[in-house]
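Convention: sequence-line order gives letters A, B, ...; per-chain numbering from 1.
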Amino acid sequence: KAGVTQTPRYLIKTRGQQVTLSCSPISGHRSVSWYQQTPGQGLQFLFEYFSETQRNKGNFPGRFSGRQFSNSRSEMNVSTLELGDSALYLCASSLASGGLVQETQYFGPGTRLLVL
Amino acid sequence: AQTVTQSQPEMSVQEAETVTLSCTYDTSESDYYLFWYKQPPSRQMILVIRQEAYKQQNATENRFSVNFQKAAKSFSLKISDSQLGDAAMYFCAYRRGNTPLVFGKGTRLSVIA
């Protein structure tokens, strides 16, 4: 079974631009979570989607948004990029059944975003 | 809020030796899950081992085992017969129900040949 995939793997943008990152979960997984990883702040939770609904949201400004499609694929968008948005963005998926999401999250390889 | 603390920013181990990475956490809950993830230079976050808090038996996965002390809120990872491929950042993480994973700051493990 294929793992979590993320595209693109690397991205260079300039301040003020916007960016969209994509995540395809493991087949059958319906929960997708996004995390930001930086050297200074470590791993921080952005948001989680389940059945096309945002279920949890971290403490990030409104410039960060996401969505999930009916096939469980998810996208996150960052508008008006700032230098501090440079980070590794990790997507993770979890199996869910009967509305319950299993606790174990499996991660994709990440998208490395550099904002100049 | 739950917090996870990894007090060892860096550790090293000789190849074939055993090393233990420490993790403590703070929670008022009784039902939760704990994880160790490995992040090699490729940056891919790989699940190493998981522990359900309601289980008294310590989890093991081949050369990896944990020492779970629920009362002390301690969750250490032991790597036996260390291999060069074990060199990576190791993150301890906590999760309860459908809440997000809470990660520690990580421990960088070096393996010396």
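- Aromatic pair A:F60/A:F45: centroids not less than 6.0 angstrom apart.
- Applying the disulfide (SG to SG under 2.5 Å) test to pairs two or more places apart or on separate chains, none has a residue in residues 26-76 of chain B.
- Contact check for A:W34 versus A:Q6: side-chain heavy atoms found under the 4.5 Å cut-off.
- The residues A:D85 and A:K13 are annotated as not salt-bridged, no charged nitrogen and carboxylate oxygen being separated by less than 4.0 angstrom.
- Using a 4.5 Å cut-off between heavy atoms, B:Y37 contacts chain A through its side chain alone, with no backbone atom that close.
- For A:Q41, the part lying under 4.5 angstrom from a heavy atom of chain B is the backbone only.
- At a 4.5 Å heavy-atom cutoff, the contact between B:L101 and chain A is made by backbone and side-chain atoms alike.
- Ranking A:G42, A:G108, A:S33, A:G3 against chain B, the residue ahead of the rest is A:G108, based on heavy-atom pairs under 4.5 Å.
- In this structure, chain B has no heavy atom under 4.5 Å from any part of A:F47.
- Neither the backbone nor the side chain of B:E52 comes within contact range of chain A; no heavy atoms are under 4.5 Å apart.
- Applying the disulfide (SG to SG under 2.5 Å) test to pairs two or more places apart or on separate chains, those with a residue in residues 74-113 of chain B are B:C23-B:C92.
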